[in-house]
Amino acid sequence: MPTTPSHSGGAALSADAPREERIVQTKAALLHEPGQDWAIDEIEVGDPVAGEVQLRLAATGLCHSDEHLRTNAMPVPVYPVLGGHEGAGVVTKVGAGVTGLREGDHAVLGFIPACGVCRPCSAGMQNLCDQGAGLLTGQAISDGTHRVTHQGRPVAPMCLLGTFAPYVTVNQSSVIRIEDDIPLETAALLGCGVSTGWGSATEIGATRPGDTVVIVGAGGIGINAVQGAAAAGARFVVAVDPVEFKRQKAVEFGATHTFASMAEALEPLRDITWGSLAHTTILTVGELQGDQLAEALAITGKGGQVVVTALADMTATDAKIGMFELTLLQKRIQGAIFGGASPRTQVPRLLELYRQGRLKLDELVTRTYSLDEINKGYQDMREGKNLRGIVRYTDADW
């Protein structure tokens with residue numbers, strides 16, 4: 001059980017006020033070695049230092065990116081790893097020098113920090129903030145130390161968040177304050193999957209009315225690219241996924257056509273577009289393979305683009321592309337992180353669409369799990385049973 005005192009419903013902390021520093025002891029899902037299952041262990045979460053806040057989380061999403069930790073497609077320098085990077089909760093402690101946040105505030109955690117002052121942030125590209133360089137090191141932005149430990153050993157929180165524990169201590173750059181009317185377990189989805197998928201279609205993808213958009217992979221990110229493309233006015237929204245359940249769900253979220261593979265989609269796509277093919281093809285598969293780029297280019301029309309949102313194995317360097325068509329047909333391949341949007345503007349914007357009934361969030365959650373069931377949640381993800389699974393925290397976890 002945590003030893004931290006409860007928060008005081010919105011009263012601001014004075015940076016100069018004396019306070020007793022305490023370590024939160026709480027349950028967490030740790031990965032001790034690649035290839036293993038997540039282990040439920042007890043960890044210690046330190047108090048916030050200058051520039052940091054501590055939050056008690058309501059829920060965390062089960063994103064495929066954390067599966068990359070387990071498969072070692074995303075190797076990290078420190079084990080154990082505390083997984084999770086998609087969460088929302090209530091601020092319980094505030095460190096010195098923090099601005100714009102106080103105890104009792106509701107907040108979403110963005111898996112990309114946004115300092116607001118580095119060169120990318122100053123140029124309007126907060127999703128490329130320089131503070132993101134250390135996301136897999138486990139070393140806190142504020143002072144380079146580790147805020148989480150397990151039996152005295154440093155722990156690396158995923159994206160410097162570690163939302164597979166009900167308490168987190170994070171830099172203020174990763175915290176996006178939200179209004180209190182949004183259910184926190186719903187808001188948690190905006191920290192990664194919703195914002196990334198929606199922005200892949202609307203920001204990086206720049207979908208316009210009348211466009212044809214193909215989304216390859218209709219999971220937790222791809223289904224939101226479907227939503228984004230439909231909301232932006234695309235005439236044809238084509239969802240490609242081998243799992244029938246996901247294809248059916250894609251129609252509920254705005255897809256006009258669905259197919260099991262890009263090869264299966266090619267001729268029907270050529271027919272409905274009178275040979276023009278896709279303006280934009282968005283790759284949101286679980287793990288990107290090099291030969292998928294050539295397939296995506298083949299279903300993309302002249303002057304079109306392939307948006308690469310999916311993660312590949314970090315060591316992968318081989319890709320197949322039709323180099324001839326890049327030149328003669330003026331096609332583009334464009335990477336995307338957080339959907340090409342700035343976290344501090346995208347999250348409030350999407351919350352407003354949710355309030356207006358123009359963005360589906362509650363419908364994204366297929367199943368809810370306890371922290372103890374996290375391996376079951378990831379098995380369901382691997383078997384294609386979920387759009388998004390979430391872990392909802394209870395008093396038993398705290």
Side-chain angles (χ1 to χ4, degrees), residues 123-128 190 193-218 221-241 250-259 262 265-285 293 295-310 322 325-343 345-361:
M125 297 182 291
Q126 290 184 355
N127 61 310
L128 296 175
L190 294 165
V194 176
S195 299
T196 298
W198 184 279
S200 294
T202 62
E203 303 289 337
I204 289 287
T207 300
R208 296 171 296 182
D211 279 0
T212 296
V213 181
V214 177
I215 297 95
V216 184
I221 291 177
I223 202 70
N224 290 293
V226 169
Q227 285 205 85
R235 182 182 182 188
F236 300 120
V237 180
V238 180
V240 176
D241 198 290
V251 173
E252 297 177 19
F253 282 81
T256 59
H257 301 75
T258 66
F259 301 96
M262 285 186 274
L266 179 58
E267 288 307 316
L269 186 61
R270 198 190 307 276
D271 181 54
I272 63 174
T273 63
W274 295 1
S276 296
L277 300 177
H279 294 85
T280 301
T281 300
I282 305 171
L283 293 175
T284 53
V285 295
L293 289 174
E295 279 193 281
L297 282 168
I299 62 174
T300 303
K302 296 178 181 179
Q305 65 173 332
V306 174
V307 175
V308 181
T309 303
E325 62 187 306
L326 281 178
T327 301
L328 290 192
L329 300 184
Q330 200 171 300
K331 299 183 183 182
R332 307 185 304 283
I333 298 174
Q334 172 66 57
I337 184 76
F338 205 80
S342 296
T345 56
Q346 185 75 323
V347 169
R349 181 185 300 143
L350 292 176
L351 286 178
E352 187 55 36
L353 291 176
Y354 172 71
R355 287 188 187 94
Q356 296 172 9
R358 297 164 59 193
L359 171 66
K360 293 182 179 182
L361 293 181

| Is there a side-chain contact between Glu203 and Phe338 (heavy atoms, below 4.5 Å)? | no
| query | Within the distance-only criterion (no hydrogens, no angle test), does the side chain of Thr207 pair as donor or acceptor with the backbone N or O of Ala201 below 3.5 angstrom? | reply | yes
| Reported CD-to-OG1 distance for the pair Gln346 and Thr202, which is rounded to 0.5 angstrom | 5.5 Å
| field | Criterion side-chain contact (heavy atoms from CB on, under 4.5 Å) on Leu359 and Val194, from CA distance to verdict | value | CA-CA 10 Å; Leu359 171 66; Val194 176; 4.3 Å; yes
| message | Nearest 0.5 Å, please: how far is OG1 in Thr345 from CD in Gln126? | response | 6.5 Å
| query | At their closest point, which heavy atom of Asn127 faces which heavy atom of Gly340, and how far apart are they? | reply | ND2-CA, 3.5 Å
| task | Could you tell me whether the side chain of Arg270 reaches within less than 4.5 Å of the side chain of Leu277, counting heavy atoms only? | result | yes
| task | Please check if the side chain of Asp241 supplies one atom and the backbone of Ala218 the other of a donor-acceptor pair under 3.5 Å. | result | yes
| query | Within a strict 4.5 Å, meaning less than it, do heavy atoms of the Trp198 and Leu353 side chains meet? | reply | yes
| request: Count the heavy atoms belonging to other residues, nucleotides or ligands that lie under 6.0 Å from CZ of Arg349, then report whether that count exceeds 12. | output: yes
| said: Using side-chain heavy atoms (C-beta onward) and a distance below 4.5 Å, is Leu297 in contact with Leu326? | reply: yes
| Can you tell if the side chain of Leu283 reaches within under 4.5 Å of the side chain of Leu293, non-hydrogen atoms only? | yes
| message | Please report the interatomic distance OG1(Thr212) to CH2(Trp274), rounded to the nearest 0.5 Å. | response | 12.0 Å
| request: Measure across Val214 and Ala278 and return the closest heavy-atom pair with its distance rounded to 0.1 Å. | output: CG2-CB, 3.8 Å
| request: Could you tell me which non-hydrogen atom of Ala206 sits nearest to which non-hydrogen atom of Asp211, and how far apart they are? | output: O-OD2, 4.2 Å
| field | From CD1 (Ile282) to CG (Asn224), nearest 0.5 Å | value | 11.0 Å
| If only atom types and distance count, is the side chain of Arg332 paired as donor or acceptor with the main-chain N or O of Gly303 below 3.5 Å? | yes
| note | Rounded to the nearest 0.5 Å, the CD1 atom of Ile215 sits from the OG1 atom of Thr258 at a distance of 11.5 Å
| query | Do Arg358 and Gln356 have a side chain donor and acceptor closer than 3.5 Å? | reply | yes
| field | Close side-chain approach of Val216 and Met262, heavy atoms under 4.5 Å | value | yes
| said: Taking Lys360's backbone N and O only, do any of them form a donor-acceptor pair with Gln227's side chain (distance below 3.5 Å, no angle check)? | reply: yes
| said: If the test is side chain to side chain contact (heavy atoms under 4.5 Å, CB included), which one of Val285, Thr284, Ile204, Ile337 qualifies with Thr309? | reply: Thr284
| task | Please collect all side chain to side chain donor-acceptor pair (under 3.5 Å) contacts where either partner lies in residues 295-307, sequence neighbours excluded, each pair once. | result | Thr281-Thr300
| task | Give, for atom CG of Leu266 and atom CG of Asp271, the distance between the pair rounded to the nearest 0.5 Å. | result | 11.5 Å
| said: So for atom CZ, which belongs to Arg208, do other residues, nucleotides or ligands contribute more than 12 heavy atoms lying within a distance under 6.0 Å? | reply: no
| query | So does Glu352 have more than 12 non-hydrogen atoms from other groups sitting under 6.0 Å from CD? | reply | yes
